[in-house]
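All ligand and atom numbering here is 1-based and tracks the order in the structure. The figures that follow rest on heavy atoms only: side chains count, while hydrogens, waters and symmetry mates do not. Because the structure is a prediction, the values reported are computed rather than measured.
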Amino acid sequence: MTKYIFVTGGVVSSLGKGLTSASIGMLLESRGLKVRMQKLDPYINVDPGTMSPYQHGEVYVLDDGSETDLDLGHYERFTNGPLTRDSNYTTGQIYLRVIEKERQGAFLGKTVQVVPHITDEIKSVIKKVGDSGADVVITEIGGTVGDIESLPFLEAIRQFPLMVGRENCLFIHLTLVPYLKAAGELKTKPTQHSVGQLRQIGIQPDILICRSEQPISREERDKIALFCNLKPEAVIEERDKDFSIYEVPLSLVDHGLDEQICNRLDLPSQSPELGPLNEILHRLRNPQHEISIAVVGKYAEHKDAYKSIYEALDHAGIHHRAQIRVGRILSSDVEREGPECLLSGYDGILIPGGFGERGIEGKVEAIRYAREKGIPLFGICLGMQCAVIEFARNVIGLEGAHSTEFDKDTPHPVICLLDEQREITQMGGTMRLGAQPARLVPGTRAHTAYGTEQIEERHRHRYEFNNVYRQQFEAHGMVFSGTSPDGGLVEIVEIPQHPWFVAVQFHPEFKSKPTKAQPLFAAFVEAAVARHNRRSGKAIAEDQPADQQPVRR
Ligand code: GLN
């Protein structure tokens, strides 16, 4: 019998519900259980694909091409169960499905209503994940209890135990217990109110997880338990972790969360295998190198806009025992202040993906700087497209070379629309999306990094390298080290004469894990470590070894 865990949040948003849910998933997997994760988001957009990164952070892409909430990135990094289109639903998607059914006459003339039709649809998408053969489904409800828009989801999970049995369901509620400096104490009232609101809806949480800056005392825990109708041991403290997100699951184990979940749901309770998690923390606490990487992007000031990239850098750091200081640099600042003043101290430069014209010239400038100074450069998606534009302009000498995304009339459209994209007018879900195979050229940096000729990586783009220019690029020293299996689409470009200059059309950051760094991220960080060590070894001389002279026109 599949068990269902529902995670809700109260008091404030941004409590780290995604991370807590992912941690629960990780702990249950570490006990040998088959876990499937799911996120239900209350907003009306059909998916986050059309939303600005300022609104909702990064759009996380799955193998099957679905564009999902960034919490699914936490799930994939922390757990191993497959994630698919069924792992993320929004209010928009639920309504769309119900309205499509209504148009097909599926409701036989009945009045279509929030209860039961919308709530039935929500229950069915939860059940569908359970029916895929999982031991446990963890469904996180986005938003905060008390929001108008999350009500149908809460009503649906209230009804859910009626369908599968209350003994097979567990409600976990995450709240904030704030510390008031003026009073010098923790305040439990917001938590009491939040649980009160849940109980009004008909949900009595089984376990309460309390985020807090300070330790929660025995008395405070007893008080919360009494007011929230729980046993004291069901009130679990989750203290803020300054050092690493990988401390979160371990601290939940210390507070007995996994054990309680297993007891409550009558799950086989073998003890958790925490070796890999401890190893990650050991490596993080004992770095052997310290390097700095600049991420130069349009949304660099927004901490969630390139979430998976920052995480993938961390994983590569764990792999090489390198502590990485990441500098988030706005590409528009590079335009204003020049690359030298903003980028000269870094051991590596990463140019992430993106859309829209703002900051493009700053990215191109940063790439030129990295290429000319021999600084390891990693371009991702739009980052690769900018690397191509830079090479066209400054190495080949194609003046005004550009992507047609930014300059329709460029004399040298080195990046242009994919043929299959030309007729498309709809925005949502219409890009080249999801896992696509690629073939690597033996002996290239990409091939060395992956150690294989066949790879599969996730994509999210409309524009593509323009093959008309391939020979010209090759003649000037750019190598096309990865292409689609038929050779038609350029997937990876690199400059062999440079210490490490690799740019990819796909998004390698989506497949990185703390226990298994993504190969290109690992190779990039290795190159940055090498540069750092070389530079600190001879602090005065800045010269590159002869065989690693950067390419100049
Ligand atoms: N805007 C570019 C395109 O659509 C790059 C997309 C991206 O970086 N994800 O092709």
> Gly353 heavy atoms, cut-off 4.0 Å: which ligand 1 atoms fall inside?
8 (O)
> So if I count the atoms of ligand 1 from 1 in the order they appear, which ones are less than 4.0 Å from some heavy atom of Glu405?
1 (N), 2 (C), 3 (C)
> On the 0 to 90° scale, with breaks at 30° and 60°, tag the Phe391-Phe473 ring pair as parallel, tilted or perpendicular.
parallel
> Between Gly354 and ligand 1, is there a nitrogen or oxygen pair with a distance under 3.5 Å?
yes
> Students should be able to answer this: which protein heavy-atom is nearest to atom 4 (O) of ligand 1, and at what distance?
Arg462 N, 3.0 Å
> Are Arg470 and Phe480 in a cation-pi setup, meaning NZ or CZ lies under 6.0 angstrom from the ring centre and within 45 degrees of the ring axis?
yes
> Under a 3.5 Å distance rule, please check whether Lys298 uses its side chain to pair with a backbone N or O of Gly353 as donor and acceptor.
no
> Judging by distance only, is a nitrogen or oxygen of Gln505 under 3.5 angstrom from one on ligand 1?
no
> Please answer whether the main-chain N or O of Thr84 pairs with a side-chain N or O of Asp64 as donor and acceptor at a distance below 3.5 Å.
no
> Which heavy atom of the protein is the closest neighbour of atom 10 (O) of ligand 1, given with residue, atom name and distance?
Tyr463 N, 2.8 Å
> With distance as the sole test, does His320 use its side chain to make a donor-acceptor pair with the main-chain N or O of Ala322 at under 3.5 Å?
no
> Is His507 near ligand 1, meaning one of its heavy atoms is under 4.0 Å from it?
yes
> Could you list the atoms of ligand 1 found under 4.0 angstrom from a heavy atom of Arg460?
6 (C), 7 (C), 9 (N)
> What is the ring orientation for Tyr60 with Phe510, classed by angle as parallel under 30°, tilted 30 to 60°, or perpendicular over 60°?
perpendicular
> Below the 3.5 angstrom mark, is there an N/O of Ile380, backbone or side chain, next to an N/O of ligand 1?
no
> Distance under 4.0 Å to a non-hydrogen atom of Cys381: what atoms of ligand 1 satisfy this?
5 (C), 6 (C), 7 (C), 8 (O), 9 (N)
> Would you say Gln385 touches ligand 1, if touching means a heavy atom closer than 4.0 Å?
yes
> Tell me whether the count of non-hydrogen atoms from other residues, nucleotides or ligands lying under 6.0 Å of CD in Glu357 goes above 12.
no
> Checking contacts here: is it the side chain or the backbone of Met431 that comes within 4.0 Å of ligand 1, counting heavy atoms only? Could be both or neither.
neither
> Salt bridge check: are Lys307 and Glu58 linked by an N-O gap of less than 4.0 Å?
no
